[in-house]
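Numbers here are sequence positions counted from 1. Side chains included, hydrogens not; waters and symmetry mates left out as well; all remaining heavy atoms used. Predicted model, so just to flag it, every value in this text is computed and none were measured.
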Amino acid sequence: MVASQQQPGLHTNMSDTQLQKLNQMLVFVSQYNEFYREKLNNISFPIRSTKDLQELPFTTKAELVEDQKNLKATH
């Protein structure tokens, strides 16, 4: 079955430009944002494929709310 037939709207091929921009953004947030530095700590960069992309952890609204509460408590 072709990837586009598996699930409508799901693109499994990423261009080199998309992967490059994704990796730049992930490295940036890992360096400058404590929340994402901890969240992405066990991820190997660079992301080279959609298989690698599947290893990225989800971020939930509850995690973001908790992070903001902790940030406000320390300032």
Side-chain angles (χ1 to χ4, degrees):
M1 183 182 297
V2 177
S4 61
Q5 293 174 334
Q6 291 176 359
Q7 189 174 7
L10 178 65
H11 299 283
T12 56
N13 294 325
M14 294 182 73
S15 73
D16 290 340
T17 302
Q18 288 173 312
L19 286 171
Q20 180 183 16
K21 288 181 182 229
L22 174 64
N23 281 301
Q24 288 172 344
M25 188 263 316
L26 291 172
V27 167
F28 180 84
V29 298
S30 294
Q31 289 176 344
Y32 296 104
N33 184 289
E34 185 178 342
F35 173 80
Y36 284 106
R37 181 177 25 249
E38 292 175 15
K39 189 128 181 115
L40 299 171
N41 188 39
N42 296 322
I43 301 299
S44 297
F45 294 112
I47 303 297
R48 293 190 171 111
S49 68
T50 53
K51 183 177 184 240
D52 291 345
L53 189 61
Q54 293 172 5
E55 300 300 319
L56 291 175
F58 282 102
T59 301
T60 65
K61 180 179 177 179
E63 289 174 314
L64 294 172
V65 168
E66 185 64 27
D67 179 63
Q68 292 302 299
K69 284 181 187 176
N70 292 338
L71 184 63
K72 287 179 184 178
T74 60
H75 286 91

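Interatomic distance, Glu55 CD to Thr50 OG1, rounded to the nearest 0.5 Å: 11.0 Å. In this structure, the separation between CG on Leu22 and CZ on Phe45 is 8.0 Å, given to the nearest 0.5 Å. Residue Thr60 holds its OG1 atom at 10.0 Å from CD of Glu66, rounded to the nearest 0.5 Å.
In terms of heavy-atom proximity, Pro57 sits nearest to Ile43 at CD-CD1, 3.9 Å. Here the shortest heavy-atom pairing between Ile47 and Leu53 reads CG2-N, 3.8 Å.
For the side chain to side chain donor-acceptor pair (under 3.5 Å) condition, the pairs that include at least one residue of residues 34-43, sequence neighbours left out, are Lys39-Glu63.
Asp67 is linked by a side chain to side chain contact (heavy atoms under 4.5 Å, CB included) to Phe35, counting only residues two or more places apart in sequence or in another chain. For Gln18, the side chain to side chain contact (heavy atoms under 4.5 Å, CB included) partners two or more places apart in sequence, or in a different chain, are Met14, Ser15.
You'll find the side chain of Asp52 stays beyond 4.5 Å of the side chain of Leu19, heavy atoms only.
Note: the hydrophobic cluster containing Val65 does not contain Leu71 (ILVMFWY, side chain heavy atoms under 4.5 Å, direct or indirect links). Hydrophobic clustering of Ile, Leu, Val, Met, Phe, Trp and Tyr side chains at less than 4.5 Å, counting indirect connections, unites Phe28 with Leu26.
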